[in-house]
Amino acid sequence: MLAKIHVTLKKGVLDPQGKAVHHALNDLGYPEVEGVQIGKYMEIRLAGVTSDEAEKRVQEMCEKLLANTVIESYRYTLESTE
Amino acid sequence: MLAKIHVTLKKGVLDPQGKAVHHALNDLGYPEVEGVQIGKYMEIRLAGVTSDEAEKRVQEMCEKLLANTVIESYRYTLESTE
Amino acid sequence: MKCGVVVFPGSNCDHDSYHVLKHLYGQETHWIWHKDQVLEPFDLIVLPGGFSYGDYLRPGAIARFSPIMKAIIKYANAGGRVLGICNGFQILVESGLLPGALRRNASQKFICKYVHLRVESNQTPYTSRCEKNAVLKIPVAHADGGYFVEPETLKALEDQDRIILRYSDAAGRSDATTNPNGSVGQIAGVANAEKNVLGMMPHPERCADPLWPDRDGRYIFDSLIHSS
Amino acid sequence: MNSTPEPPLTEALIAEHGLTPAEYQRIQELLGRDPNLTELGIFSVMWSEHCSYKSSRPHLKTLPTEGPRVIQGPGENAGVVDIGDGLAVVFKIESHNHPSFIEPHQGAATGVGGIMRDIFTMGARPLALLDSLRFGELSEPHTRYLFNGVVAGISAYGNCVGVPTVGGDIYFDACYSGNILVNVFCLGVARADKIFLGKAGGVGNPILYVGAKTGRDGIHGASMASAEFDDATEEKRPTVQVGDPFTEKLLLEACLEIMKKDWVVGVQDMGAAGLTSASFEMADRAGLGIAIDLDRVPLREDGMTAYDIMLSESQERMVFVVEQGREEEAMAIFRRWDLDTAVIGQVTDDGFLRASKDGRPAINLPIAAVVEGALKCERPTRRPAYLDEVQAWTAESLAIPDRGDAMLKELLGSPNIASKHSVYEQYDHMVRLNTLVLPGSDATVIRVPGTQKALAISVDCNSRFCYLDPYAGAQAAVAESCRNVVCSGGEPIGVTNCLNFGNPENPEIMWQFEQAVRGLGDLCQIFDIPVVSGNVSLYNETKGEAIYPTPTIAVVGLLEDLTRYCTQWFKAAGHEIGLIGATREDLGGSEYLKQLGEPLRGKPPALNPEVEKRVQRMCLELIREGRIESAHDCSEGGLAVALAESCFSGPEVFGAVIGLASDVRQDALLFGESHSRIVISFTSGQREEIQARAQQSAVEFAVLGKVGGSRFQVAINHQGCIDQDIRMLADIWKQALTRYGKRLD
Ligand SMILES: Nc1ncnc2c1ncn2[C@@H]1O[C@H](COP(=O)(O)OP(=O)(O)O)[C@@H](O)[C@H]1O
Ligand SMILES: [Mg+2]
């Protein structure tokens with residue numbers, strides 16, 4: 001099983017990194033860039049769990065460790081790797 | 001137009017952060033986790049460019065700035081935001 | 001020697017390099033503002049440590065596109081001396097003046113402490129005053145100091161005597177246990193093929209003041225000044 | 001843009017703003033009308049404990065704040081003390097406790113950012129940061145999460161701005177498990193005649209905004225910091241502010257650049273309660289008014305209301321007042337540093353804060369009424385019931401162990417005593433080339449750039465002592481902090497403090513507070529050191545469980561000659577070891593009792609201020625005359641731990657052979673925490689002179705033994721009681737905290 005997880009900043013939370021990259025792109029000659037948001041992307045390989053279990057446990061991992069839910073939100077998808 | 005960009009480590013490049021998260025998850029009671037890879041996820045809003053142009057320019061941004069192609073690879077998709 | 005210290009937004013060891021060159025070594029030293037486009041002639045340009053552009057995205061990634069960098073790359077390619085310390089090293093690899101990449105420390109943490117370095121080559125203007133295999137005690141202070149290169153490139157670096165400094169212990173032994181950050185081959189400093197560009201993670205400018213108990217950083221600056 | 005109609009000011013809404021019915025009535029009286037929602041929000045933050053100091057102010061007034069060196073005492077962004085050569089040091093300590101509990105990384109990071117702005121708003125370049133941290137026991141996983149997060153946050157922010165974090169202290173105790181403490185100290189140096197104040201002077205002068213854009217961060221952060229935690233804390237989470245140290249660095253450089261001009265009239269950072277407190281305080285200090293056009297404030301998000309803009313706690317923002325006609329010049333400097341900037345208003349003469357939004361009036365408040373109108377609160381005090389019982393305990397009931405080896409190892413491996421290198425190595429403590437003595441000695445020593453002077457700085461507070469006797473505990477904190485500074489060669493010249501306590505509405509907590517402030521004030525008076533700045537953090541309490549009273553003290557000391565500093569570690573085999581000061585039977589509140597699993601009780605060690613003064617004076621003179629090689633004060637873990645630390649905390653490890661002669665019970669002699677004691681080492685040639693000095697100073701002094709060998713050996717009255725391999729002891733001490741850290745990785 002492969003979990004693909006996106007962790008992004010919640011709306012309204014300052015994204016200094018996105019801001020810096022936005023400016024850099026504008027300066028580099030990409031005036032069309034109007035906004036940049038930077039988050040994390042994780043792939044987690046899981047073995048020996050059913051997809052229902054995986055569903056529940058990946059959500060738990062996100063809550064507990066992978067996302068800082070005070071300022072970040074997350075979403076994920078599960079894929080079979082058979 | 002919205003570009004969704006994934007930047008991940010190339011195969012064969014060690015991912016200490018992924019390894020650290022992998023261990024942490026195992027310790028937290030998730031023995032089913034067999035591997036973790038951590039990358040970046042970026043969303044870039046573009047205005048006033050056609051999708052063909054965007055295609056070309058986003059690729060350029062990735063090559064130049066967003067990914068360090070010595071160690072990272074990237075992929076992206078473009079979505080219309082109308 | 002006419003020296004220039006580049007100030008990027010977020011540079012914070014710029015003053016330290018400036019102080020050492022100008023006040024401790026009495027060299028003519030100038031600030032170079034990152035937004036400048038033309039470069040006067042210099043004998044040495046220092047890309048200082050710090051967090052240019054907050055180290056956002058990747059350390060050095062944005063600074064590498066500062067207006068002044070075009071001129072510096074040209075200057076380096078024409079044989080001009082460029083010393084990149086810490087963040088400066090990161091900028092050098094991002095700009096392609098040096099091979100490889102600097103990655104997050106294996107510990108995932110920032111690390112600030114004195115380490116030992118073994119001088120692998122003294123055939124550079126930066127280490128000419130060191131014995132080969134001499135051990136220097138110089139501090140590191142970085143979160144992203146894990147040097148990475150592909151095995152083929154590593155081989156080429158070794159063959160061309162371009163690995164200048166390796167992390168070691170006080171006796172000069174260098175192995176995984178003396179590696180503070182996960183660098184391949186414990187590499188702490190590398191040079192370009194012509195040896196006019198050096199990138200190093202440790203901070204020689206932090207231990208060059210005679211007032212300090214440790215002053216091995218002087219070997220680097222002494223070398224530079226005597227080979228100019 | 002059409003503004004949404006305001007909700008009616010119901011009782012519930014007023015209560016949600018932390019205002020009592022009496023306070024609301026007071027507002028109505030002061031205004032002669034009902035406030036609108038934005039105005040209510042303004043009163044709410046300005047009258048919160050955090051901004052108004054309503055519980056603490058009457059007590060703080062008793063502190064000694066004056067002295068020949070004092071340029072600026074409490075009341076401004078930070079205190080200012082003259083150090084000669086036309087220079088002054090600017091310093092303050094501040095808490096960021098509640099935000100750090102909710103989000104440790106960002107909470108601690110923005111704490112660092114805030115205190116640095118307090119220093120550079122006064123025109124000083126920040127030279128050093130110190131952090132004083134308190135957590136629950138490391139055996140709790142959540143504590144390890146908070147600990148790692150806080151340290152990472154401080155590291156991320158301070159390192160990026162390029163201000164070295166050179167010291168601090170850390171304790172772990174169950175009393176902090178629901179209320180961690182993150183107190184950050186910052187010190188800067190400025191020209192004594194170029195100190196900037198937070199004053200909006202000169203009617204008609206423009207008000208400039210500079211820094212990051214305003215977002216909806218931390219709205220109501222200041223009132224959150226003044227409310228006890230409860231189960232609803234979770235819901236308060238979105239108020240967390242995120243810091244951007246990169247912008248702070250730009251702001252720092254831009255501010256110092258513009259402050260070289262002679263047309264800057266006043267400057268204030270937007271800290272807690274953001275634009276609200278900045279504008280009210282600046283106008284109040286000048287006795288003038290301010291008019292603001294909120295439509296000009298650079299915003300990060302769409303649809304922000306006057307309420308949002310006034311109460312936002314977005315970080316890395318400042319307000320400048322400059323002379324009329326200089327606004328373009330000022331903004332050009334800010335833009336060169338890529339900062340957002342705008343003229344958002346001007347100074348007026350009517351004593352009102354008026355602001356408009358979308359072209360319509362949004363705020364119209366008399367400044368003095370808001371700043372000084374809060375109901376005085378004379379909180380009742382009552383001596384806590386627990387005191388008699390805990391103080392009645394004596395060590396008589398305690399069995400004395402045969403030997404000290406096992407306990408020494410336990411103490412060296414206890415997180416409160418173990419080496420903190422795994423923490424301070426995450427901080428850049430060397431950047432800018434001023435750190436003469438790196439963290440790891442009693443106090444850090446910082447060179448004053450461009451001079452032959454240096455500063456020694458230490459933060460301290462043993463809150464176990466404060467729980468047992470807040471008066472004595474606060475005195476002990478000042479004495480220990482001064483002692484650390486003295487052991488490093490510094491002469492104390494100023495104090496700042498951060499008073500962390502529980503809920504002041506509880507008379508027993510208020511009693512602790514009052515006692516601690518008295519203790520602090522009395523000792524500073526006797527020592528003749530002014531308190532020049534400080535901060536109060538109340539409501540450190542969860543579900544009725546308050547932290548131990550924790551009056552954290554930071555002392556700044558001056559070294560006229562920077563080469564005359566001293567470190568705590570032994571320098572060479574063969575040097576003699578001595579102890580200045582007397583050891584008594586002081587086991588109450590000790591780390592030793594904690595290791596034995598005893599509850600916290602007993603009387604804390606008694607402090608005799610006159611003896612303490614003589615001990616410190618003697619030590620300082622010996623250092624200045626270059627007569628001693630090392631000096632280390634005895635604190636947690638007592639004499640045995642101090643001796644062991646002197647053996648192995650430096651670059652080299654030495655053994656020692658020690659012989660004690662005393663009739664104090666063995667465990668108290670080894671591990672008791674009597675004050676006013678300093679372990680020194682010296683060459684044999686100095687012995688007689690040191691003995692003579694002790695006699696002249698009326699201070700006890702004993703030669704204890706010699707540095708050397710590979711073992712740590714202690715005999716009491718010729719009876720061996722500790723004999724261990726010194727490298728093994730060093731290892732325990734060096735690895736203990738790292739091991740805990742790893743458990744989370
Ligand atoms: N939170 C911290 N941050 C940085 N340095 C710290 C911290 N805690 C302790 N240190 C450093 O570790 C050393 C020992 O600290 P501590 O045990 O508190 O000393 P003392 O008991 O003499 O006050 C000091 O140099 C101190 O500055
Ligand atoms: Mg001490």
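These numbers come from a predicted model, not from an experiment. Every chain is numbered from 1 and lettered A, B, ... according to where its sequence line falls, protein lines coming before strand lines.
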For this session: Kindly compute the distance separating CG (A:Leu46) from CG (B:Leu25), expressed to the nearest 0.5 Å.
Result: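 Separation between the atoms: 9.0 Å.
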For this session: Answer with side chain, backbone, both or neither: which region of B:Ile5 has an atom nearer than 4.5 Å to a non-hydrogen atom of chain A?
Result: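 Looking at B:Ile5, nothing touches chain A.
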Could you work out all donor-acceptor pairs shorter than 3.5 Å where one atom is in chain A and the other in chain B?
{"residue": "A:His6", "atom": "NE2", "partner": "B:His6", "partner atom": "NE2", "Å": "2.6"}
{"residue": "A:Gly29", "atom": "O", "partner": "B:Arg57", "partner atom": "NH2", "Å": "2.7"}
{"residue": "A:Tyr30", "atom": "OH", "partner": "B:Glu60", "partner atom": "OE1", "Å": "2.4"}
{"residue": "A:Glu32", "atom": "O", "partner": "B:Ala47", "partner atom": "N", "Å": "2.9"}
{"residue": "A:Glu32", "atom": "OE1", "partner": "B:Arg57", "partner atom": "NH2", "Å": "3.1"}
{"residue": "A:Glu32", "atom": "OE2", "partner": "B:Arg57", "partner atom": "NE", "Å": "2.4"}
{"residue": "A:Glu32", "atom": "OE2", "partner": "B:Arg57", "partner atom": "NH2", "Å": "3.4"}
{"residue": "A:Glu34", "atom": "N", "partner": "B:Arg45", "partner atom": "O", "Å": "2.7"}
{"residue": "A:Gly35", "atom": "O", "partner": "B:Arg45", "partner atom": "N", "Å": "2.9"}
{"residue": "A:Gln37", "atom": "N", "partner": "B:Glu43", "partner atom": "O", "Å": "2.9"}
{"residue": "A:Gln37", "atom": "O", "partner": "B:Glu43", "partner atom": "N", "Å": "2.9"}
{"residue": "A:Gly39", "atom": "N", "partner": "B:Tyr41", "partner atom": "O", "Å": "2.7"}
{"residue": "A:Gly39", "atom": "O", "partner": "B:Tyr41", "partner atom": "N", "Å": "3.0"}
{"residue": "A:Tyr41", "atom": "N", "partner": "B:Gly39", "partner atom": "O", "Å": "3.0"}
{"residue": "A:Tyr41", "atom": "O", "partner": "B:Gly39", "partner atom": "N", "Å": "2.6"}
{"residue": "A:Tyr41", "atom": "OH", "partner": "B:Arg75", "partner atom": "NH2", "Å": "3.4"}
{"residue": "A:Glu43", "atom": "N", "partner": "B:Gln37", "partner atom": "O", "Å": "2.9"}
{"residue": "A:Glu43", "atom": "O", "partner": "B:Gln37", "partner atom": "N", "Å": "2.9"}
{"residue": "A:Arg45", "atom": "N", "partner": "B:Gly35", "partner atom": "O", "Å": "2.8"}
{"residue": "A:Arg45", "atom": "O", "partner": "B:Glu34", "partner atom": "N", "Å": "2.7"}
{"residue": "A:Ala47", "atom": "N", "partner": "B:Glu32", "partner atom": "O", "Å": "2.9"}
{"residue": "A:Arg57", "atom": "NE", "partner": "B:Glu32", "partner atom": "OE2", "Å": "2.3"}
{"residue": "A:Arg57", "atom": "NH2", "partner": "B:Gly29", "partner atom": "O", "Å": "2.8"}
{"residue": "A:Arg57", "atom": "NH2", "partner": "B:Glu32", "partner atom": "OE1", "Å": "3.1"}
{"residue": "A:Arg57", "atom": "NH2", "partner": "B:Glu32", "partner atom": "OE2", "Å": "3.3"}
{"residue": "A:Glu60", "atom": "OE1", "partner": "B:Tyr30", "partner atom": "OH", "Å": "2.5"}
{"residue": "A:Arg75", "atom": "NH2", "partner": "B:Tyr41", "partner atom": "OH", "Å": "3.4"}

Problem set entry | Greatest number of heavy atom pairs closer than 4.5 Å to chain B - which of A:Leu28, A:Val33, A:Val58 |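 Sorted descending by pairs with chain B, the first entry is A:Val33.
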Exercise. So which part of A:Val49 gets closer than 4.5 Å to some heavy atom of chain B, the side chain, the backbone, both or neither?
Worked result: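 Just the side chain, heavy atoms under 4.5 Å.
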For this session: Counting only heavy atoms closer than 4.5 Å, note whether A:Leu65 contacts chain B via side chain, backbone, both or neither.
Result: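 For A:Leu65, side-chain heavy atoms alone lie under 4.5 Å from chain B.
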Problem set entry | Qualifying ring-ring contact (aromatic ring centres under 6.0 Å, His included) pairs with a residue from residues 47-67 of chain A, counting only residues at least two apart or across chains |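 Qualifying pairs: none.
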Problem set entry | Among the listed options B:Gly48, B:Gly39, B:Gly29, B:Gly18, the residue most often paired with chain A at heavy-atom distances under 4.5 Å |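 Most heavy-atom pairs under 4.5 Å with chain A: B:Gly39.
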